[in-house]
Structures are given as structure tokens and as C-alpha cells.
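Let me begin by presenting the structure, written as C-alpha cells, before commenting on it.
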Amino acid sequence: MDNSDVVRILDQTADLLEILDEDVFKVRSYRRAAESVRGLAQDLSSIREGEGLQSIPGIGKSLAGKIAELLDTGRMGYHEELKAQVPEGLPTMLRVPGMGPKKVALVWKERGIRDVDELEAAAQAGELRDLKGMGAKTEEKILKGIGLYRQGAERALLGDVLPVAERIVEELRRLPETIEVAYAGSTRRMKETVGDLDVLATSQAPEVVMEAFRALPDIREIILAGDTKTSALLDIGRQVDLRVVLPESFGAALQYFTGSQAHNIALRERARKMGLTVNEYAVSKLTESGEEGERVAGATEEEVYAALGLPLIPPELREDHGEIRAAEAGELPALLELADIRCDLQMHSEWSDGSHPIAQMAEACMALGYEYMAISDHSQSLQVARGLQPGRLAAQRVEIDELNATLADTGSSFRVLASCEVDILSDGSLDYTAEQLAGLDIVLASLHQGFTDDRARMTNRALKAITSGRIDVLCHPTGRLLLAREGYPIDIEAIIEAAAEHDVALEVNAFPERLDLCDTHVRLAIERGVKISINTDAHRAEHLGFMRYGVATARRGWATRDDVINTWPRETLMDWVRSRRERFG
DNA sequence: GCCGTTTTCGGCCCGACTGTTTTCAGTCG
């Protein structure tokens with residue numbers, strides 16, 4: 001029973017409560033609690049032993065008891081009780097776009113429909129059109145929704161969506177009728193995966209912008225089209241919503257559509273207490289009768305937050321994870337910037353499984369404005385990736401030395417560090433000898449095998465590597481692949497504690513499929529005093545551009561420049577490696 | 001079910017769009 005199991009039960013309970021038409025605020029409480037737990041880096045059981053479950057925002061006495069029951073017994077009586085009241089497949093119908101709790105309850109009670117298959121059959125047979133509030137068009141819409149549901153994939157990688165978002169923004173900006181254009185939503189918050197893409201534009205002629213939008217090459221099909229909002233399906237299979245507002249509302253709309261929903265709700269509750277009301281057009285005073293009164297802000301986001309007595313909160317932090325309280329107290333972190341990055345420390349060359357020679361990777365790094373980089377090809381055991389035998393490792397060192405000599409001759413201060421991504425073997429030992437590792441400028445280590453080990457064994461292997469004193473950075477610590485594979489079972493808190501104690505940096509792997517550590521783990525690591533290293537793991541020169549995803553993930557984990565070793569000048573990094581090897585080697 | 005610089009009770013964010021309606025409910029974000 002880990003955190004994600006608890007999240008699932010809480011969410012399911014909320015679904016059931018909605019179908020059973022229970023109090024909407026009770027539903028909201030379960031949703032909020034689920035969201036809160038989802039954002040936790042620590043295990044619930046460890047929080048329970050420490051601060052107590054009620055220290056988690058949105059969890060009060062009742063839910064703390066129910067979660068404790070879940071942790072102890074693997075079941076929640078209340079959840080079981082609700083589940084027994086509806087057929088098994090009913091909640092799944094909520095996953096069909098266009099089907100909400102009311103319609104699910106309606107088709108169940110009036111037509112005895114218990115799952116998506118039966119819903120489809122009934123819609124095809126025209127058996128739903130006589131129900132209250134439904135018609136032939138509703139049936140059509142439901143069938144279309146089932147089609148989308150069957151296509152699966154509820155979210156896409158940020159790395160797949162962001163380039164499309166930038167292209168759409170670019171195209172709309174070219175129109176003379178648009179004033180401002182921006183993407184918003186989870187894409188702007190740089191969440192690791194994205195559901196729908198939100199795009200916002202300001203214009204005095206919304207209809208022209210809408211029309212141009214509908215004709216964009218990335219768009220496959222229009223889903224709905226109103227005066228200020230158009231929804232469409234992108235070629236990449238995601239929905240995109242365009243909203244057009246007047247320029248004086250740009251800030252309010254951008255704030256609103258950037259979300260997250262939880263952040264917005266918290267902000268609006270705050271506004272209420274200040275006698276203000278916020279919508280996507282403006283911040284306004286609340287009149288005595290509770291109406292929207294005099295407008296006080298809306299043109300820029302800064303203005304909107306200022307009206308609520310807050311500094312601008314960076315989009316990456318807007319998850320209702322304490323950022324409003326921090327902003328109020330003037331304690332928002334000065335987040336790391338992409339421009340702070342001086343080097344990339346994990347990349348592969350054609351010596352192992354990379355596609356490009358070292359010199360080409362160096363050229364690309366220089367073009368990005370970096371001051372140095374590290375080549376970190378795979379070690380000998382990883383034969384599928386052409387891992388380097390000790391002899392080839394030594395030969396590669398010669399090539400790196402020669403390249404650095406050439407750079408020096410041409411007056412360049414750019415340098416290439418010799419590194420490796422050494423495998424942590426199944427017994428926790430390292431794939432090169434101590435002497436071989438000591439000859440490298442910096443040592444990265446990864447788990448690439450034995451993923452079927454249990455949690456204790458995986459954790460112990462990683463701990464053995466961390467405490468060996470011979471590695472400087474632990475790479476992609478959980479091994480997850482987004483939308484494809486969960487991380488291997490590992491006690492991340494124990495890893496973080498050990499990394500803090502032995503001054504080993506933990507990597508944020510910037511590859512869009514990884515982003516590992518994730519945002520919440522970054523935050524926990526930083527709180528415990530662990531250094532972070534952000535690297536692209538590039539296997540081609542073009543991959544070096546993934547750095548922005550790693551930086552965004554670190555920002556979502558509240559990282560400042562000082563937390564990240566890639567912001568250091570080369571001498572500082574080398575001093576750190578020397579010093580930590582003296583202390584722990 | 002949660003929560004508290006008006007409250008331990010009585011609040012709890014806000015609007016666009018659709019389809020089915022004669023003024024609104026449901027869904028979505």
C-alpha cells in the first residue's frame with residue numbers, strides 16, 4: 001500500500017460519491033486529499049510516524065483515520081461500502097469524455113447500463129435519446145467519446161507537446177489581428193505530462209483569430225467552436241483549447257488558464273476573504289450584495305497577483321503546494337534559470353551507444369553557451385550499449401586530452417571532462433575498479449539491471465554505491481519511464497538521506513521520458529541538503545536541448561541556482577569532486 | 001469532509017459551451 005494506491009482509493013471514493021449524488025463539497029474534499037497525497041515525496045507511513053497525517057493540507061481528522069485504516073489493513077471500509085452500492089464497471093464510464101456523474105447515474109438507473117460496452121450498445125441502438133436531458137446528438141457525442149476513450153492515452157509527454165505549443169503560438173503571433181499569444185495550462189507549468197493544451201490570445205477581432213486557428217496545420221479536427229473558445233484535436237492526438245480575450249484581460253486570463261485548478265481555487269478563496277473576486281477577465285471588488293464590482297486588475301499577471309497582495313508566483317510552482325503561503329511571507333525561492341547552467345555532465349558519444357563523435361557533442365555544447373561538459377559513456381557490463389572495456393576507456397581519455405589541447409591552442413576556454421556512467425552491478429559493486437574510477441574527472445553511476453529485485457535489494461544496491469565514496473552523481477535514481485514504466489521499487493527517502501550524508505549529487509535526468517528525479521523528489525532532496533545535477537543523457541547532439549525540461553523539473557522542485565552543481569564554474573566542480581573523494585573515498 | 005486575521009459552524013471558485021430546454025443542467029477545465 002504505497003502513496004499511489006491511497007491516491008487511487010481516494011479518487012475512486014470521490015467518483016463513487018459523485019455518482020451517488022452525495023454532497024459536492026464532500027467530493028471536493030476527497031479530490032483535494034487525493035491531489036495532496038499525489039504531491040507528496042515522502043511515504044504516507046513515514047509522515048504518519050513523524051508529523052502525523054493531519055499535517056497534510058486537506059486531510060483532517062476523518063480522512064486521517066480512513067487513510068490510517070488503509071495503511072494498516074489495505075482496505076477502507078467507507079470505500080468498500082460505497083463500492084458495494086454500484087456495479088463494478090460504473091466508475092469507468094466517467095473516463096468517457098462527455099460522461100459525467102449525472103449521466104452515468106442516469107443511464108444506470110433508467111436503462112440498467114453497467115459499463116462502457118453496454119453504454120456503447122445502447123447509444124448505437126438509440127436507446128438513450130428518450131432519457132431526460134438527452135437526445136440523438138447526445139448519443140452521437142457519447143459514441144465519439146467512447147472512441148476517444150478506447151484510443152487510451154490520457155496524457156502525453158511534455159517533450160511532445162511543448163514544441164507543438166510553441167509552433168501554434170508562433171503561427172498565431174504572425175496574424176496582424178493578435179496582440180498577445182501564449183500557451184498556458186500544464187504546459188506552461190512544465191508538468192512532466194500534459195492532458196490538454198491551452199492557448200490564449202488577445203485580440204479585438206476574436207473571430208478572425210479563431211478562424212485562422214482552425215486552419216492551422218497541426219489541427220486534425222474541430223471539437224467545438226464558440227465566440228471566445230475553440231476546442232480541436234491535434235495531430236499528436238491531444239486536445240487543444242484556444243481562448244481569445246480582450247487585451248485588458250490578458251493577465252487575468254493567463255493566470256486563470258495556467259492553473260493549476262487547485263492553485264486557482266486557493267487564490268480565489270484568498271480573494272474572497274479580501275473582498276475581491278477573480279475570474280478570467282479581471283480581479284474586481286465584491287459589492288455588498290456579493291456582485292462583481294469595480295475592476296482592480298487584469299492586464300498583466302503581476303497586476304493580478306499584486307491585487308491579491310502577492311508577488312508573481314512562477315508558473316512551475318502553481319500547484320497549491322505551499323507557494324501561496326511562501327509568496328505571502330516573501331519566501332518564494334529565487335528559482336534556477338536555464339541561463340544559469342554552465343555544463344551538461346551526462347552524454348554519450350559514438351564510443352558507446354551515442355550517435356555522434358565527442359568533438360561534435362562539444363561543438364553543440366559550445367553553441368549552447370556552456371563552459372564545459374562531461375562525456376559519460378557506458379561501462380563494460382552494459383554490452384547492449386557497447387559499454388567501454390578498461391582499454392577503450394583509457395583510449396577515450398587520450399582522445400579527450402587531445403581535444404582539450406586543441407581547444408586550448410585555439411584560445412577556447414571550453415573543456416571536456418572525462419567521465420562515465422558506471423553500472424551498479426547486481427551485488428551493488430561498481431563496474432570499474434577504484435583505480436579506473438579515480439582516473440576520471442567525475443563519476444556518474446546508474447542502475448541498469450536487476451529491476452526485478454525487491455525494494456530492499458534495489459535500495460541496498462544504490463546505497464552501497466552512494467556510500468562507496470567512488471561515485472559523485474547517482475543518475476536517474478528511480479529508473480522510471482514516463483507513460484511506459486514505473487520506477488523500480490526503491491526507498492527514495494533512504495537514498496536521499498545517504499546522498500546527503502555522503503555528499504553525492506542526485507541527478508535530474510532531463511530526457512523527456514525520464515525527468516527522474518521528479519519534481520517532488522527534488523524538493524525533498526533539497527530540503528535534506530542534497531545537491532542536484534541536471535543532465536540531458538544526450539545520445540545525439542540534438543538531445544542536448546532537453547536541458548530545459550530538466551531545469552523546469554528542478555524549478556518545480558523549488559530548486560535555486562545554489563542547489564544545482566551544473567551552475568558551478570569548472571574549477572568549483574573539480575574542487576568539490578576532489579574534496580568529496582578525500583572525505584569519503 | 002475541511003477549515004478559521006470576521007467563523008469550532010457555515011461557509012466552500014468561476015465561466016464557456018452544448019444540447020435540450022423555454023430558463024437550465026451537465027460537463028469541462
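Convention: sequence-line order gives letters A, B, ...; per-chain numbering from 1. Predicted model, so just to flag it, every value in this text is computed and none were measured.
With A:R220 contributing its side chain and A:D235 its backbone, the two residues share a donor-acceptor pair below 3.5 Å.
Of the residues near DNA chain B, A:A136 and A:P97, the one whose nearest nucleotide (by heavy atom distance) lies more toward the 5' end is A:A136.
Residues satisfying the side chain to side chain contact (heavy atoms under 4.5 Å, CB included) test with A:V296, not counting sequence neighbours, are A:L276, A:V283, A:K285, A:A307. Applying the side chain to side chain donor-acceptor pair (under 3.5 Å) test to A:R173 and every residue at least two apart in sequence or in another chain returns nothing. When the salt bridge (Lys or Arg N to Asp or Glu O under 4.0 Å) test is applied to A:R318, the partners found at least two apart in sequence or on another chain are A:E301. Residues passing the side chain to side chain donor-acceptor pair (under 3.5 Å) test with A:D491, sequence neighbours excluded: none. Scored by the side chain to side chain donor-acceptor pair (under 3.5 Å) test, A:R528 finds A:E497 as partners (sequence neighbours excluded). Judged as a side chain to side chain donor-acceptor pair (under 3.5 Å), and not counting sequence neighbours, the contacts of A:N264 are A:Q255. Applying the side chain to side chain contact (heavy atoms under 4.5 Å, CB included) criterion to A:A105, with sequence neighbours excluded, gives A:I19.
Checked by atom type, the side-chain pair A:D519/A:T553 shows no donor-acceptor distance below 3.5 Å.
For residues 53-63 of chain A, the set of pairs meeting the side chain to side chain donor-acceptor pair (under 3.5 Å) definition, not counting sequence neighbours, comprises A:S62-A:K66. Under the salt bridge (Lys or Arg N to Asp or Glu O under 4.0 Å) criterion, the residue pairs touching residues 83-98 of chain A are A:D15-A:R95, with sequence neighbours excluded.
Scanning residues 181-193 of chain A for heavy-atom distances under 4.0 Å to DNA chain B yields an empty list. Contacts between residues 69-77 of chain A and DNA chain B, defined by a heavy-atom separation under 4.0 Å, are absent.
Only the C1' atoms considered, B:dT6 is 23 Å distant from B:dG1, to the nearest whole Å. For B:dC13 and B:dC3, the P atoms lie 14 Å apart once the distance is rounded to whole Å. The same atom, C1', is picked in B:dT20 and in B:dT27; the two are 14 Å apart, to the nearest Å.
A:K132 has no side-chain polar atom (N or O) that falls below the 4.0 Å cut-off from OP1 or OP2 of B:dA25.
Nucleotide B:dC17 forms a Watson-Crick or G-U wobble pair with B:dG26, both donor-acceptor distances falling under 3.5 Å.
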*Could you encode protein contacts along nucleotides 5-18 of chain B as a string, one character per nucleotide from 5' to 3', using B for base contact, S for sugar-phosphate-only contact and - for no contact, with a heavy-atom cut-off of under 4.0 Å?*
-------BBBSSSS

